[in-house]
Amino acid sequence: MSEKEQDSELGRSKYSSNPSDHLNHLLNIGWDPKSPLIMRYAMANNLERQLREWVEKSRS
């Protein structure tokens with residue numbers, strides 16, 4: 001298998017990201033900040049404040 005094929009199979013996982021970056025990514029691609037999954041993710045990773053700030057900023 002070529003290196004290019006291996007890279008494509010890795011997908012996004014080859015890039016390290018922290019929970020905060022992942023939350024921002026999900027919100028920026030259109031996930032509803034009030035969806036139960038997003039809210040649980042924010043709670044599990046202590047990102048409730050960041051989620052609130054994102055919602056406030058997106059209203060502006």
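No hydrogens, no waters, no symmetry mates; every other heavy atom, side chains included, goes into these values.
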Legend entry - Heavy-atom side-chain proximity of His22 to Tyr41 below 4.5 angstrom: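 A side-chain contact under 4.5 Å exists here.
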Inset, instruction - Compare all side-chain heavy atoms of Arg59 with those of Val55 and state whether any distance is below 4.5 angstrom. - result: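 Yes, side chains in contact.
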[atom2] on [Y] to [atom1] on [X], rounded to 0.5 Å:
{"X": "Trp54", "Y": "Leu47", "atom1": "CH2", "atom2": "CG", "value": "14.0 Å"}
{"X": "Leu37", "Y": "Asp32", "atom1": "CG", "atom2": "CG", "value": "11.0 Å"}
{"X": "Gln50", "Y": "Lys57", "atom1": "CD", "atom2": "NZ", "value": "9.5 Å"}
{"X": "Ser17", "Y": "Leu23", "atom1": "OG", "atom2": "CG", "value": "11.0 Å"}

Inset, instruction - List the steps, then state whether side chain to side chain contact (heavy atoms under 4.5 Å, CB included) holds for His25 with Ile29. - result: CA-CA 6 Å; His25 170 72; Ile29 63 170; 3.7 Å; yes
Legend entry - Within one Ile-Leu-Val-Met-Phe-Trp-Tyr cluster: Leu51 and Trp31, side-chain cutoff 4.5 Å: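 Yes, same cluster.
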Legend entry - Nearest non-hydrogen partners of Lys34 and Met39, listed with the distance: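 Distance-wise, the nearest heavy atoms are O-SD, 3.2 Å.
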Legend entry - Side chain Asn28, main chain Asn24, donor-acceptor under 3.5 Å: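 Between the backbone of Asn24 and the side chain of Asn28 there is a qualifying donor-acceptor contact (under 3.5 Å).
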Legend entry - Carboxylate-amine/guanidinium contact Glu53 Arg49, below 4.0 Å: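 A salt bridge links Glu53 with Arg49.
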Inset, instruction - Walk me through it: do Leu27 and Ile38 pass the test side chain to side chain contact (heavy atoms under 4.5 Å, CB included)? - result: CA-CA 9 Å; Leu27 294 169; Ile38 292 292; 4.2 Å; yes
